[in-house]
Amino acid sequence: MKINIRNVNQVTILEPKGKITIGVGDVALRDAIHGALEAGSTKLLLNLAGVSVIDSSGVGELVSAYTTCTNRGAKLKLLSLPPKVVDILQITQLITVFETFEDENEAIESF
Amino acid sequence: MKINIRNVNQVTILEPKGKITIGVGDVALRDAIHGALEAGSTKLLLNLAGVSVIDSSGVGELVSAYTTCTNRGAKLKLLSLPPKVVDILQITQLITVFETFEDENEAIESF
Amino acid sequence: MLFSLNPKPMEATAQQFHVVVSSRYENIDVVQTLLGEALDCVSASEQECHWIDLALREALANAIKHGNGENPEKRVRVDGRVTAEGVWIEVEDEGDGFTPEKVEDPLAPENLLSPSGRGLLYIRNAMDQVELRPGPKGGTLMFLFKELGASNAEESEGS
Amino acid sequence: MLFSLNPKPMEATAQQFHVVVSSRYENIDVVQTLLGEALDCVSASEQECHWIDLALREALANAIKHGNGENPEKRVRVDGRVTAEGVWIEVEDEGDGFTPEKVEDPLAPENLLSPSGRGLLYIRNAMDQVELRPGPKGGTLMFLFKELGASNAEESEGS
Ligand SMILES: Nc1ncnc2c1ncn2[C@@H]1O[C@H](COP(=O)(O)OP(=O)(O)O)[C@@H](O)[C@H]1O
Ligand SMILES: Nc1ncnc2c1ncn2[C@@H]1O[C@H](COP(=O)(O)OP(=O)(O)O)[C@@H](O)[C@H]1O
C-alpha cells in the first residue's frame with residue numbers, strides 16, 4: 001500500500017492505493033493519519049478510490065482514525081468510496097458514522 | 001527485478017537486483033542488454049551481486065547476452081557472482097565461458 | 001516405487017487445495033491466490049469472489065492473530081474445495097479455541113466505534129454457512145460454505 | 001453435516017500441500033512459498049532449500065511452458081510432502097507428454113551456448129531421484145525426491 005498526501009486549502013488529502021488489510025496496509029494508514037495530525041492538520045480527507053481490498057482490520061483503522069481525529073478536535077471525512085467499501089461499511093453499520101463525498105471540491109468546501 | 005545502469009570509463013555497468021527467473025526477470029535482463037547495445041555500448045559489465053535467485057531461463061539469458069554481444073563485436077563480462085550463481089553456472093559448464101571478476105575497478109580496466 | 005503421495009487427482013469439475021502455512025499475514029495473500037485460481041476455474045462471479053475472498057481473509061487473520069497469537073512457529077491449515085455448485089473452506093489453527101457465543105456483538109451501540117471485533121460478522125455475511133468447532137488438538141476449526149451461481153439478490157446482500 | 005473435505009491432518013512430523021494452479025509464471029512463486037513454509041518446519045539447511053527450490057521452479061516452468069504451452073486455462077498440480085527425512089514432490093501438467101531420452105544433452109559442445117535446454121539437468125543435479133512418466137491424461141508427471149540431512153559433501157554437489 002502506498003499513500004499519496006497533498007494539501008489543498010488547508011485540507012490534507014490522503015490517497016491510499018492498494019490493500020488496507022491486516023499486517024501492512026492497516027499500519028500504513030494509521031501512520032499516515034497520525035503524521036497528518038502531528039503536522040497540525042485539522043481537516044483530513046481520505047480518498048478511498050484507490051483501495052482495492054479492505055478487511056475488518058482496515059475498517060478498524062478507519063474507525064480509529066475517525067475517533068482519533070474527533071478526540072483531537074480534527075475532522076476526518078471520506079471521498080470516492082468504491083462500491084465494495086460502501087458495502088463493507090454498511091454491513092457493520094458504519095456508513096452513517098462517516099461524512100462521505102463523491103466530489104473532491106465539494107468535500108474540501110464542506111470543512 | 002530492477003536493473004540499475006551506470007557508465008564508468010565507457011563501460012556500461014548493469015546491476016540487476018532480485019530474481020532473474022522465467023516470466024519477468026529474464027525479459028528485463030534481455031531488454032537492458034539490448035538497450036545498452038542499441039545505445040552504442042561495446043563494453044558491458046554485469047554485476048550479479050544483487051541476484052537473489054536465478055533459474056535455467058535466467059542462465060539462458062546470460063548465455064544469449066554473451067552471444068549477442070560477441071556477435072555484435074561488444075564484450076560482456078561478469079562481476080561479483082554470488083556463490084549460488086557460480087554453482088549454477090558450473091553445473092552447466094558455463095563458468096569458463098564467461099570472464100568473471102570480483103573487483104569492479106579490475107573489471108573496468110580489463111576491457 | 002519412488003512415490004506414495006496418493007494425491008487427489010486433477011479433476012475438471014472440482015478444484016481442491018490443501019496447504020499449511022506459518023502464522024504470517026503475508027501468507028494470507030498466498031492462500032488467497034490459490035482460492036482465486038480455484039474460483040477462476042468455475043467462473044464464479046466477481047461479487048462471489050469478492051465476498052469469499054473477504055471471508056477467507058478474515059478467517060485466516062483470526063487464525064493467525066487470535067488462534068496462533070502471531071507466533072510464526074504455529075501453523076494454519078487451509079483446505080478448500082470449489083465446484084460449480086459452491087465453495088467449501090476449512091481453516092484450522094493451533095490456538096486454544098474460543099467460545100463464539102461470548103464474542104461481543106459489533107453492532108451493539110457501545111461497540112459500533114470499536115477498533116476491532118467485526119471479522120466474524122463479515123464472515124457470516126459473506127458465506128451461506130459458518131461453523132466454528134474445537135479442533136482435534138484444541139485449536140479452532142472453521143468451516144465455511146457458500147453456494148455459487150445463486151441469485152443476484154442473494155449475492156449482493158451487502159449492497 | 002456441513003463438511004466432507006476429509007483433509008489430511010496437520011501433523012507435527014510431516015508437512016503436506018496439494019495445489020492446482022493455472023499456467024502463469026507468477027504462480028511459481030506462490031507454490032515456492034508453500035514449499036518454503038514446509039521446509040522451514042523441518043529445519044532444512046539453506047543449501048538444501050536452495051537446490052530444492054531450483055528443482056521445483058524448473059519443474060513448474062517446464063509444466064507451464066512445454067507441457068501446457070503457457071495456456072492459462074491449463075493447470076498444473078503440485079503435491080508435496082516434507083519430513084525430516086526428505087522431500088517428495090509431484091508435478092503434473094495437462095500437456096501432451098514428451099520423451100526425456102530424446103532431449104538433447106546441454107553439455108554437448110554444440111549445445112553449450114544454447115539459450116535453453118538446461119532445466120532438466122538442473123533438476124537432476126538438485127534432487128536425489130527424478131522420475132518422468134506419462135500422466136493419467138497424457139500430460140507429464142514428474143516425481144522428485146531429495147533426502148534431507150544428508151552429508152554436506154552430498155548437498156553441495158554443485159559447488
Ligand atoms: N481462531 C480464533 N481463535 C481464538 N479466538 C478467536 C478466533 N477467532 C476469533 N476469536 C475471538 O473472537 C473475537 C472476535 O473476532 P472477530 O469478529 O474476527 O474480530 P477481531 O478479530 O477484530 O477481534 C476475537 O477478538 C477473539 O477473541
Ligand atoms: N512438462 C513437459 N512437457 C513437455 N515437454 C517437456 C516438459 N518438460 C521438458 N520438456 C521437453 O524437454 C526439453 C528440455 O527441457 P529443459 O531441460 O527443462 O530445458 P528448457 O525448458 O530450457 O527447454 C524441453 O525443451 C521440452 O521439449
Side-chain angles (χ1 to χ4, degrees), chain B residues 1-2 17-34 37 46 48 51-72 74-78 81-100, chain D residues 21-33 35-36 45-66 68 70 72 103-127 155-159:
Chain B
M1 218 258 289
K2 278 185 184 166
K17 296 247 174 303
K19 296 178 189 164
I20 309 187
T21 52
I22 196 163
V24 182
D26 55 351
V27 177
L29 178 62
R30 190 187 319 166
D31 291 348
I33 300 273
H34 282 237
L37 289 174
L46 192 57
L48 296 176
V51 174
S52 57
V53 187
I54 190 165
D55 64 4
S56 69
S57 291
V59 170
E61 286 307 326
L62 289 186
V63 175
S64 294
Y66 174 79
T67 52
T68 307
C69 287
T70 307
N71 289 343
R72 291 215 193 186
K75 285 210 161 175
L76 175 75
K77 304 187 180 191
L78 305 184
L81 284 72
K84 277 170 193 160
V85 176
V86 173
D87 286 353
I88 282 177
L89 291 179
Q90 237 154 16
I91 292 170
T92 43
Q93 298 180 1
L94 288 167
I95 195 78
T96 52
V97 168
F98 294 98
E99 212 175 324
T100 64
Chain D
V21 296
S22 60
S23 299
R24 293 177 225 269
Y25 295 124
E26 306 92 271
N27 286 332
I28 295 178
D29 281 334
V30 172
V31 180
Q32 176 33 41
T33 302
L35 173 71
S45 76
E46 216 239 317
Q47 278 288 318
E48 288 171 328
C49 292
H50 165 67
W51 292 112
I52 301 164
D53 178 30
L54 181 67
L56 180 59
R57 283 183 185 280
E58 299 292 346
L60 291 172
N62 280 354
I64 292 171
K65 186 174 190 171
H66 304 301
N68 293 346
E70 296 184 352
V103 170
E104 296 216 31
D105 176 8
L107 299 183
E110 68 274 19
N111 295 328
L112 214 58
L113 291 182
S114 164
S116 64
R118 297 177 184 84
L120 292 170
L121 177 60
Y122 283 132
I123 296 173
R124 293 204 171 97
N125 228 279
M127 305 300 283
E155 272 169 43
S156 53
E157 290 162 274
S159 59

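Quick caveat, the model's predicted, so the values are computed rather than measured.
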Q) Under 4.5 Å, heavy atom to heavy atom, which residues of residues 21-31 of chain D contact chain B? A)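 If one takes a 4.5 Å heavy-atom cut-off, the residues of residues 21-31 of chain D near chain B are D:Tyr25, D:Ile28, D:Asp29.
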
Q) Is there side-chain contact between D:Tyr122 and B:Thr92, with at least one heavy-atom pair below 4.5 Å? A) yes

Segment of [X] engaging chain D (4.5 angstrom heavy-atom cut-off):
X       : result
B:Leu94 : side chain
B:Ile54 : backbone
B:Val24 : neither

Q: Without swapping roles, check the side chain of D:Glu58 against the backbone of B:Ser56 for a donor-acceptor pair under 3.5 Å.
A: yes

Q | Residues, nucleotides or ligands: over 12 heavy atoms within 6.0 Å of B:Lys2 NZ | A | no

Q: Give the minimum heavy-atom separation between D:Leu112 and B:Gln93, together with the two atoms involved.
A: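 Heavy-atom minimum between the residues: CD2-O, 4.0 Å.
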
Q: Considering non-hydrogen atoms only, spot the tightest contact between D:Ser114 and B:Val63 and give its length.
A: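 It is O-CG1, 3.9 Å.
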
**Q.** Engaged part of D:Leu107 at the chain B interface, taking heavy atoms whose separation is under 4.5 Å
**A.**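 Both parts, backbone and side chain.
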
Return the [atom1] to [atom2] distance between [X] and [Y], rounded to the nearest 0.5 Å.
X        : Y        : atom1 : atom2 : value
D:Asn125 : B:Gln90  : CG    : CD    : 11.0 Å
B:Thr21  : D:Leu60  : OG1   : CG    : 11.5 Å
B:Ile88  : D:Arg118 : CD1   : CZ    : 12.0 Å
D:Leu113 : B:Thr67  : CG    : OG1   : 6.5 Å

**Q.** Best-contacting candidate, D:Lys65, D:Glu70, D:Glu46, against chain B by heavy atom pairs under 4.5 angstrom
**A.** D:Glu46

Q. Given the rule in the side chain to side chain contact (heavy atoms under 4.5 Å, CB included) test, do B:Lys84 and D:Leu54 qualify, once you have shown the distances and angles that lead to the verdict?
A. CA-CA 11 Å; B:Lys84 277 170 193 160; D:Leu54 181 67; over 6 Å; no

